[in-house]
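Read through the structure below, which is laid out as structure tokens, and then see the notes.
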Amino acid sequence: MATRKETIGIEYDDPQREVSLGTMESNSPYESQNPSDWVPPMTVRVYPIQNPRSKLLATASVNIAKSFAVQGFRVYDSKNGLFVKEPERRYVKNGTELTDSVFFPITKEARDILHGQILSSYELVMEQQERQHPQQKDELEELLEDDLPFDTAYQSAPLPTDEDAPVITM
């Protein structure tokens, strides 16, 4: 026959209560007005696209507080400047392709700090690449200059002669 288990008296800590600022002194970084106090330290790795054929310039991964890794950030170029897009998951539902955010900051301040960190890391990586390989940009500019408008006027192709016509035998 089954026996009934005894209930064990467990005391739980009081749930955290919201405390208005100024009523109580606290050392909690989350109650600070300065977002840099409560945003954990981040390490960003940027992987630039070598020959961008679209507006995607780089991908990035972020290590948060040496505890969490988030991959899939993308750096794009637009008419308004550089911007960062968070990782997302794509799926098809009822024949329509949809996306869901995988990772996103909760507050605007946290988003600004995260995006600022990624963009500044991207700019540092691009400056470092420019210092290491300055001739690549010069070669690209030379190629573009060679392909730009002709120095001489375009001459029409010579008209075909009977000698150039294909011979068909039957």
Would you give the length of the straight line joining atom [atom1] of [X] to atom [atom2] of [Y], rounded to the nearest 0.5 angstrom?
X	Y	atom1	atom2	value
Thr43	Gln117	OG1	CD	8.0 Å
Ile118	Lys85	CD1	NZ	14.0 Å
Gln129	Glu127	CD	CD	11.5 Å

Considering all heavy atoms of both residues, which atom of [X] and which atom of [Y] are nearest to each other, and what is their separation?
X	Y	result
Arg89	Val102	N-CG2, 3.6 Å
Arg74	Glu86	NH2-O, 3.4 Å
Ala58	Pro48	CB-CA, 3.7 Å
Leu56	Ile49	O-CG1, 3.9 Å

Using a 6.0 Å cut-off, check whether atom [atom1] of [X] has over 12 heavy atoms from anything other than its own residue.
X	atom1	value
Arg45	CZ	no
Phe83	CZ	yes
Gln71	CD	no

Find out if a path of hydrophobic residues (ILVMFWY) with successive side-chain heavy-atom gaps under 4.5 Å connects [X] to [Y].
X	Y	value
Leu119	Ile64	yes
Val84	Tyr122	yes
Tyr76	Met126	no
Val44	Leu57	yes

Side-chain contact test, heavy atoms from C-beta onward, threshold under 4.5 Å: evaluate it for Ser61 versus Tyr47 and give yes or no.
->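 Of all side-chain heavy-atom pairs linking Tyr47 with Ser61, at least one is under 4.5 Å.
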Just say parallel, tilted or perpendicular for the rings of Phe103 and Phe73, cut-offs at 30° and 60°.
->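 Phe103 and Phe73: perpendicular rings.
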